[in-house]
Protein chains: 2
Amino acid sequence: MQVKIKDVAKRAGVSVTTVSRVLNGEKYVKDDLKAKVNKAIDELGYAPSQIARSLVRKKTNLIGVIVPDLTSSFYSTILSSIEQVASANDYHLLVCNISEDIDKELKYLNAFQEMRVEGIIIMHEKINEPIRNLIHKIHIPVIFSSVKPMDQKFISVIVDDYAAAFDATKYLIELGHESIGFIGGDMRDITSGQNRYSGYRNAMAASGKKLVYEHIRFGDYKVQSGYDQMKDLLGTETPPTAVFVVSDDMAVGAMNCIRDHNLRVPEDISIMGFDGSLLTELVRPKLTSMEQPIHLMGRVTMEVLLKQIEGDKMPDEDVILAHRLMIRESCRNRNDERN
Amino acid sequence: MQVKIKDVAKRAGVSVTTVSRVLNGEKYVKDDLKAKVNKAIDELGYAPSQIARSLVRKKTNLIGVIVPDLTSSFYSTILSSIEQVASANDYHLLVCNISEDIDKELKYLNAFQEMRVEGIIIMHEKINEPIRNLIHKIHIPVIFSSVKPMDQKFISVIVDDYAAAFDATKYLIELGHESIGFIGGDMRDITSGQNRYSGYRNAMAASGKKLVYEHIRFGDYKVQSGYDQMKDLLGTETPPTAVFVVSDDMAVGAMNCIRDHNLRVPEDISIMGFDGSLLTELVRPKLTSMEQPIHLMGRVTMEVLLKQIEGDKMPDEDVILAHRLMIRESCRNRNDERN
């Protein structure tokens with residue numbers, strides 16, 4: 001049973017009005033009454049209702065967060081940084097894990113609206129028509145983190161995925177690789193699908209490298225699909241000597257596939273990942289990866305959203321964070337061997 | 001700006017009372033008025049306030065969840081299963097990541113109470129006095145998942161950590177290892193600290209194996225501490241031929257340490273993990289581990305909590321789920337060699 005204000009009054013031996021006056025911090029309440037009320041509150045574990053106060057103050061301090069996959073280290077790390085900033089500002093996160101279930105997302109967005117969340121963070125870009133219509137109508141600040149959907153109305157906190165993929169591919173070219181394969185993401189995704197693929201293609205073209213149709217594959221960002229796509233690459237007539245893989249999870253799958261085929265990373269095939277997740281340091285050889293500043297991304301997402309909620313001037317453009325090449329052990333330098 | 005009921009009335013050209021009657025699904029509202037109101041609701045993106053309804057129905061459909069470390073695959077996987085059951089039952093999760101910050105936990109528990117969450121899930125056992133006092137007083141169902149704190153009042157959903165650790169150690173003994181080291185957890189933790197340590201010790205004693213003081217170390221369950229503790233074990237005069245490590249994260253750290261010292265798993269040293277997290281399949285060699293049924297644990301936690309919330313008869317004892325030895329590639333059989 002929830003403790004009510006009348007229970008406190010009864011235990012303290014005072015009127016409900018007195019309890020209410022103490023709770024509201026009014027002056028002119030006698031010290032002994034105040035002490036009695038506070039003692040009763042403490043003994044009964046009474047807490048004033050946030051719900052009732054929400055109605056009055058029109059503030060719920062709730063943020064709705066839509067995560068595509070909680071079990072992925074990339075998303076759970078962003079979430080932990082969002083939570084840190086939210087908590088420091090007395091906001092609470094309602095977390096929804098959609099696992100690519102679009103119906104679930106729509107249901108959650110409706111619930112977020114009914115619960116009067118003050119802001120919504122979305123971490124994927126598979127925005128269909130009903131979802132787009134809803135988020136355009138609901139009059140609640142929405143921000144995208146790590147992705148930029150086709151719709152241009154909302155702010156995203158992202159890296160420049162095109163430039164990051166271009167730089168990752170360029171690094172493999174500079175290491176002396178002629179034949180560089182690619183394991184991409186979902187091409188319906190602008191940032192993680194299309195932009196990273198364009199970066200790869202244009203870096204290859206800029207260096208006069210030939211694109212080999214059989215060396216270009218697409219997965220779903222998860223470990224198993226990296227494994228499966230790599231298996232197909234190993235089955236081609238002449239496998240590439242290096243592969244740029246657009247998520248660290250897929251890159252780890254690709255490395256495991258190479259090892260399970262009795263080949264070595266990086267001696268036989270070099271692997272370049274993307275994200276800079278915790279996995280890069282866990283695997284052996286350690287994974288060279290194009291790093292997104294994951295913690296910063298979570299923090300900045302929440303900070304920008306707080307500004308929107310507070311009605312401050314917010315950025316009218318996306319916030320682009322710097323990417324960074326983290327050289328570890330999974331890419332081999334072929335230049336030395338040729339001299 | 002939040003759309004209000006009077007905005008809907010204005011757009012539809014009807015009275016607020018009419019809108020209210022349509023929203024409440026009353027009979028005897030003319031079809032053309034109903035159509036007008038529904039059109040206005042749709043166009044404006046109006047949603048009735050969950051907050052106001054909460055006050056009336058005394059139901060918030062909120063569950064507070066306290067996670068020790070969102071970036072750990074073990075906890076984020078439990079959380080994803082909790083979320084699945086919650087969502088299917090129209091409950092929403094308020095997620096708090098405490099990162100061992102006890103002050104933050106207390107603050108969150110108070111917030112949960114004020115927000116009238118209907119249940120609380122806690123996934124760690126570092127319960128100090130103020131937290132214990134609070135959860136005993138708040139009249140909200142509390143359940144522990146994957147841990148059992150010293151306090152006996154609350155239900156836990158766990159495996160039998162003692163038996164699981166006993167069986168893990170016994171397996172290493174059966175493989176012919178004489179010298180079996182141990183990397184344990186925080187000994188202030190009953191389940192993951194003390195019980196797993198007791199299981200190891202008693203399995204060793206039951207087989208007449210000697211406990212070697214230098215081969216027993218304790219970490220904090222995270223990758224880096226597994227690495228550091230393994231480094232100390234490698235520095236002993238005669239390192240063990242097998243090590244039982246009480247979390248998969250630490251076990252992966254231990255494996256990496258062994259490899260970085262130019263030794264091989266399992267040829268030189270066998271490693272047995274605990275948890276059955278996603279990591280076990282990601283690393284090479286794949287990690288043999290004593291598996292907790294992580295997804296089931298999350299689902300059962302939420303199901304039992306829902307029963308408590310609905311006032312159904314709930315279990316008056318802990319729910320103990322079965323552990324399972326998952327044999328992969330990180331433990332070597334020494335029996336063959338001796339014959």
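Just so we're on the same page: letters track the sequence lines, and every chain starts at 1.
- For A/His92 against B/Leu94, the heavy-atom pair with the smallest separation is CB-CD2, 3.8 Å.
- Around atom NZ of A/Lys231, no more than 12 heavy atoms belonging to other residues, nucleotides or ligands sit under 6.0 Å away.
- Summarising the geometry of A/Leu62 relative to B/Met115, their closest heavy-atom pair is CD2-CE, 3.2 Å, with the distance given to 0.1 Å.
- At least one donor-acceptor pair closer than 3.5 Å links the side chain of A/Lys107 to the backbone N or O of B/Ser87.
- Residue B/Lys104 comes nearest to A/Glu83 through the heavy atom pair NZ-OE1, 2.7 Å, listed as atom of the first residue, atom of the second, then distance.
- Proximity to chain A (any heavy atom under 4.5 Å) is restricted, for B/Leu279, to the side chain, taken from C-beta onward.
- Heavy-atom neighbours of chain A within the stretch residues 255-269 of chain B, taken at a separation under 4.5 angstrom, comprise B/Asn256, B/Arg259, B/Asp260.
- Heavy-atom minimum distance, B/Thr71 versus A/Ser80: CG2-OG, 3.6 Å.
- For B/Val95, the parts lying near chain A are the backbone and the side chain together; criterion is any non-hydrogen pair under 4.5 Å.
- Here CG of A/Asn97 is found 9.5 Å from CG of B/Leu93. Values are rounded to the nearest 0.5 Å.
- With a 4.5 Å cut-off on non-hydrogen atoms, B/Tyr108 touches chain A through its side chain but not through its backbone.
- Contact annotation for B/Ile78: neither backbone nor side-chain heavy atoms come within less than 4.5 Å of a heavy atom of chain A.
- Using a 4.5 Å cut-off between heavy atoms, B/Tyr227 contacts chain A through its side chain alone, with no backbone atom that close.
- In this structure, the portions of B/Thr77 lying under 4.5 Å from any heavy atom of chain A include both its backbone and its side chain.
- Below 4.5 Å, heavy atoms of chain B meet heavy atoms from A/Glu281, A/Leu282, A/Arg284, all part of residues 281-288 of chain A.
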